[in-house]
Structure formats: C-alpha cells, structure tokens
Amino acid sequence: MVKIYNDYKDRADFLTVYVREAHPTDEWQMKSNVKEDVCYAQPKTLEQRVAIANDFVQRQKYPLPFGIDDMNNAADLAYSAWPERLYVIDEHGRIAFAGGMGPFKYDPEEVRAWLVKRFGPVTQTSSAAAPPKP
Amino acid sequence: MSRFWKWTLGIFLGLMLIAFAGLSFMAGSPKDVYGMVRYALPHMHRGKLRVGEDAPDVRLLALDGSNHFHLRERTGSRPLVVIFGSYT
C-alpha cells in the first residue's frame with residue numbers, strides 16, 4: 001500500500017485504520033510473527049492499542065495517515081474490517097470500492113486498478129519505503 | 001448398536017479426521033486449526049457494504065492517543081482510500 005500511496009497521494013487521500021489484532025500472542029499467534037519479533041497480546045485498553053499502533057508506524061516507517069479504532073470496535077463492525085480490508089470512499093461519502101476480507105481477498109492491486117481507472121496510471125520511481133503490513 | 005450405525009459412525013469419524021487433517025495442512029498445524037476456529041471465525045464477516053452505499057462514519061483516535069477525529073472528516077474533496085488492518 002505504501003507504493004500505491006506514494007504514487008497517488010497527490011490525487012487521493014489515504015487513511016489507515018488500526019483494528020483489533022489478528023494474531024496476538026494470547027490468541028492465534030503465527031510463527032511468522034515470532035520470527036519477525038511482532039509479538040503483542042490482544043490490547044485490553046485503548047492505551048495498549050495506541051502503543052502498538054505507534055510501534056507499527058515507527059518500526060515500519062509507515063508514512064500513511066493513521067487512525068485507531070476504539071475499544072467498542074466501531075470501525076471494525078461498521079466496515080467488517082477484521083482482519084484486514086480495503087475500501088475507497090468517493091467525494092460524496094459513498095463506497096466506491098469495497099475489497100474482500102483479508103488475508104485471502106486483501107488485494108491492494110484492486111485499489112490501484114480503481115485509482116488507475118479514475119486518474120490514469122502513475123508510478124513513482126523513488127518509492128523508498130518497504131511495503132509493510134497492512 | 002446395529003451394524004448400520006457402527007458403519008455410519010465410523011464413516012462420519014473418518015470424514016471428520018480427513019477434514020481435520022486437511023485443515024491442519026492448509027492452516028499449518030492442528031494448533032492453527034484451533035486458533036482459526038476459536039479466534040478467527042467469530043470475527044470474520046464477509047461484509048455488507050456495497051458500492052454506492054453511504055460510507056459509515058466512525059470516530060477514530062489519532063496516533064497521539066488524545067485527539068479524536070471522524071472518518072467522514074477525511075472525505076469530501078478527493079477519494080479516500082481506507083486501509084483496515086493490525087500489526088500482527
């Protein structure tokens with residue numbers, strides 16, 4: 001998503017929303033997360049969510065604008081967001097693109113295709129940031 | 001127990017074992033099957049929002065941990081790409 005952000009940030013706005021953890025240590029932890037030292041328990045407080053979100057942004061040098069879902073999981077429930085999902089909202093506040101449920105149907109290239117259709121192809125050659133999750 | 005029910009039960013248990021083995025292979029291990037059933041399935045939703053519908057507004061917290069904003073504040077002038085996810 002970082003590459004797409006770098007390509008289209010002059011034409012569209014971007015917002016990353018942190019929702020409840022998908023593979024915390026106290027639930028369904030993945031070996032890949034242990035290997036990459038991404039080990040967090042499921043946050044029980046908003047402060048814990050803020051801390052993990054900040055860890056993510058700093059460790060991944062993640063440049064996109066960021067918001068954090070509340071402990072009622074309002075954003076998650078409204079958008080069926082967990083574990084990961086993509087949307088595009090148009091200028092009139094309507095859903096313009098609704099991606100599938102991640103991880104199997106989480107496809108940033110579908111967002112790129114929407115942006116290409118709307119704005120034409122754009123490719124920055126100097127995208128330095130490595131593509132982190134989400 | 002009659003012979004019929006013994007066979008039925010045996011076939012059922014055999015199919016369950018095959019299904020569990022298949023899921024374990026796909027998910028990575030039997031522990032992952034448990035994690036998927038126990039933690040993932042209850043939170044997985046195919047999603048009801050469709051293209052053309054109003055995007056729900058939600059209140060979000062900024063990274064500083066103190067300021068809130070509404071998702072709809074970020075819409076209006078340009079398309080908004082929204083990426084939902086977590087760290088793990």
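Side-chain atoms are counted along with the backbone in the values below, which use heavy atoms only and exclude waters and symmetry mates. The sequence lines fix the lettering, A, B, ..., with proteins before strands; numbering per chain opens at 1. Fair warning: this is a prediction, and the values are worked out from it, not measured in the lab.
Residue contact with chain B, scored on non-hydrogen atoms closer than 4.5 Å, is absent for Asn72(A). For Leu77(A), no part sits under 4.5 Å from any heavy atom of chain B, backbone or side chain. Asp32(B) touches chain A through backbone and side chain together, each having a heavy atom under 4.5 Å away. For Ala96(A), the part lying near chain B is the backbone, with the side chain staying farther off; criterion is any non-hydrogen pair under 4.5 Å. Looking at Pro65(A), the atoms closer than 4.5 Å to chain B (heavy atoms on both sides) all sit in the side chain, from C-beta outward. Interface residue Val58(B): only side-chain heavy atoms are found under 4.5 Å from chain A.
Of the residues considered (Ile89(A), Ile4(A), Asn73(A), Val50(A)), Ile89(A) shows the highest number of contacts with chain B, using heavy-atom pairs under 4.5 Å. For chain B, the option among Gln29(A), Arg94(A), Gln42(A) with the highest count of heavy-atom pairs below 4.5 Å is Arg94(A). Heavy-atom pairs under 4.5 Å with chain B were tallied for Ala75(A), Ala51(A), Gly100(A), Ala98(A); the largest tally goes to Ala75(A). The choice from Asn54(A), Leu15(A), Val88(A) that makes the most heavy-atom pairs within less than 4.5 Å of chain B is Leu15(A). Ranked by heavy-atom pairs shorter than 4.5 Å toward chain B, the options Tyr79(A), Tyr5(A), Tyr8(A) are led by Tyr79(A). Among Ser77(B), Gly65(B), Ser29(B), Gly76(B), the residue with the largest count of heavy-atom pairs under 4.5 Å with chain A is Gly76(B).
Other residues, nucleotides and ligands contribute over 12 non-hydrogen atoms within 6.0 Å of the CZ atom of Phe69(B).
Under the 4.5 Å side-chain criterion, counting only non-hydrogen atoms from C-beta, Pro56(B) is in contact with Leu49(B).
The pair Glu27(A)-Arg20(A) meets the salt-bridge criterion, since a charged nitrogen lies less than 4.0 angstrom from a carboxylate oxygen. The existence of a salt bridge linking Arg118(A) and Asp90(A) is excluded, since no basic side-chain nitrogen approaches an acidic carboxylate oxygen closer than 4.0 Å.
At least one donor-acceptor pair under 3.5 Å links the side chain of Arg72(B) to the backbone N or O of Ala55(B). Asp76(A) places no side-chain N or O within donor-acceptor distance of the main-chain N or O of Val19(A), the cut-off being under 3.5 Å.
Rounding to the nearest 0.5 Å gives a distance of 9.0 Å between CD of Glu109(A) and CE of Met1(A).
The side-chain tip of Arg49(A) does not point at the ring of Tyr18(A) from less than 6.0 angstrom away and within 45° of straight on.
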